[in-house]
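Below is one structure, written out as structure tokens; the observations come after it.
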Amino acid sequence: MKRQFSGYIWAILSGAFYGIISVIILFIAKFGDVPSLFSMMVRMFLAGVFLLPFSVRHFRAAHLTKQFFYRMLPAGVFLTCASILIYTALDTIPAGVGIALHYTYPLVVMVLSVLLFRARITRQAVTALLLSLVGVMLLCDNTVLPADAGKGVCLALLSAVAFGAYYLWVERKKLSEVDAVLFTMLLSFLDAFLLALYNLATGRFFVSTSAEVYGVLLIAGVFAMLAILTQAMAIRQIGSVKTSILGTLQPIVCTLGSALVLREPVSVRTILGAAMVLGAVVIVTLGGKPPRE
């Protein structure tokens, strides 16, 4: 029971950290004139650097095999694709809307778990999922969408598919069973490398900016490290389904942060959606045993 409760805490913290990261990246893109995916690359690299001194001593104890690194590659690809898709989507649609659409990924996790692995989902999990999805849709206020938002909406939904696939891959291949610090460090460097390849291919790798912007990116790197670390620990303790549902705290943090920092409007509909997502968090936290998979 204690392990399960700590898993809930890690999942909630992970969602909050990811929401803070989104606000920081979008702030840099808007006011620092730096491409979002360049910022993502830097913050993932910094997360790996921060964890490197703590991970070196775990290499020998972990007994990592070639098979483990082969399994790490798809996880990095899924995570990188999710980042590319969502931040490309945010070029055409408001941040609150894009992040809300991205956070339909718990549905992807649940559906794939049932279809591919015949997972048994508890009633509490289904109720929380449906409530969180309704809340996310309310957060996605179509009255603020521009006329040409169709592409952005599609990309945001595809990012949900990619992120859901990442969750399931990490759990099914037991990647999170490795020391959480070591796993986070390896994933951070892999994601930074893949984003570097993408930025090179699209001409976004070499960016001239100020020391202040790099200082903010340093802060983003710290939150990136914390977000992936707490997420890995949550998946290991309560599974991918509940972790993904509790992770829907990110759109709340992102929406509120966007309103305060980026001056995006917040409506009554947004507040209602946030309340429903919080309700889902309470249900899944008090719902008993995690789904058996």
Side-chain angles (χ1 to χ4, degrees), residues 13-50 79-80 82-103 136 139-141 144-146 149 152-153 155-156 159-160 163 188 191-192 195-196 198-199 202-231 247-267 270-271 273-274 277:
L13 288 174
S14 178
F17 290 144
Y18 271 116
I20 293 171
I21 292 169
S22 298
V23 175
I24 292 175
I25 298 298
L26 293 170
F27 174 82
I28 294 173
K30 183 174 182 179
F31 299 105
D33 196 25
V34 176
S36 297
L37 290 170
F38 175 85
S39 298
M40 285 289 293
M41 176 191 71
V42 174
R43 65 96 165 171
M44 292 304 294
F45 176 76
L46 289 174
V49 170
F50 292 150
L79 186 60
T80 301
S83 298
I84 293 171
L85 289 166
I86 186 57
Y87 282 102
T88 302
L90 296 184
D91 289 338
T92 57
I93 58 178
V97 173
I99 297 298
L101 289 172
H102 171 76
Y103 263 78
V136 166
L139 283 170
C140 181
D141 190 347
V144 301
L145 290 175
V153 169
L155 290 175
S159 75
F163 202 62
S188 297
D191 191 33
L195 283 170
Y198 177 83
N199 285 327
T202 57
R204 303 177 184 178
F205 188 83
F206 299 101
V207 175
S208 177
T209 186
S210 65
E212 288 80 4
V213 170
Y214 279 110
V216 177
L217 283 173
L218 192 66
I219 297 173
V222 173
F223 280 109
M225 172 191 67
L226 294 173
I228 301 175
L229 182 62
T230 52
Q231 184 184 73
T248 51
L249 281 174
Q250 180 181 351
I252 297 176
V253 175
C254 184
T255 299
L256 294 178
S258 297
L260 294 173
V261 178
L262 305 179
R263 297 293 187 266
E264 290 189 354
V266 177
S267 63
T270 299
I271 296 174
V277 173

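Computed from heavy atoms alone, side chains included, the values below leave out hydrogens, waters and symmetry copies. Note that this is a predicted model, so its numbers are computed, not measured.
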Heavy-atom side-chain proximity of Leu13 to Leu226 below 4.5 angstrom: no
Any residue meeting side-chain contact (heavy atoms from CB on, under 4.5 Å) with Ala156, in chain and number order, not counting sequence neighbours: Ile86, Ala89, Ile93, Leu101
Closest heavy-atom pair and its distance - Tyr87, Ser22: OH-CA, 3.6 Å
Counterpart residues, side-chain contact (heavy atoms from CB on, under 4.5 Å), relative to Thr80 (two or more places apart): Ile84, Asp191, Leu194, Leu195
Nearest non-hydrogen partners of Gly221 and Ala47, listed with the distance: O-CB, 3.5 Å
Set of side-chain contact (heavy atoms from CB on, under 4.5 Å) partners for Phe45, sequence neighbours left out: Val49, Phe189, Ala192
Residue pair Leu85 / His102, side-chain heavy-atom distance below 4.5 Å: no
Leu218 side chain near Phe50 side chain, heavy-atom distance below 4.5 Å: yes
Inter-residue atom distance Met225.CE - Thr230.OG1, 0.5 Å rounding: 10.0 Å
Any side-chain heavy-atom pair of Gln231 and Phe17 under 4.5 Å: no
Over all atoms of both residues, closest heavy-atom pair of Ile21 and Ala227: CD1-CB, 4.0 Å
Under the side chain to side chain donor-acceptor pair (under 3.5 Å) test, residues paired with Ser188 that sit two or more places apart: none
Minimum heavy-atom distance between Ser39 and Val34, given as atom pair plus value: OG-CG1, 3.6 Å
Thr92: side-chain contact (heavy atoms from CB on, under 4.5 Å) partners, not counting sequence neighbours: none
Nearest heavy-atom neighbours spanning Arg43 and Leu217: CB-O, 4.3 Å
Student check: side-chain heavy atoms of Leu37 and Thr88 closer than 4.5 Å: yes
Student check: side-chain heavy atoms of Phe27 and Ile24 closer than 4.5 Å: no
Counterpart residues, ring pair (Phe, Tyr, Trp, His ring centres under 6.0 Å), relative to Tyr18 (two or more places apart): none
Parallel, tilted or perpendicular: ring planes of Tyr214 versus Phe38, cut at 30 and 60 degrees: perpendicular
Point-to-point distance, once rounded to the nearest 0.5 Å, from CG of Leu46 to CE of Met41: 9.5 Å
Rounded distance (nearest 0.5 Å) linking atom CD1 of Ile228 with atom CG of Leu79: 6.0 Å
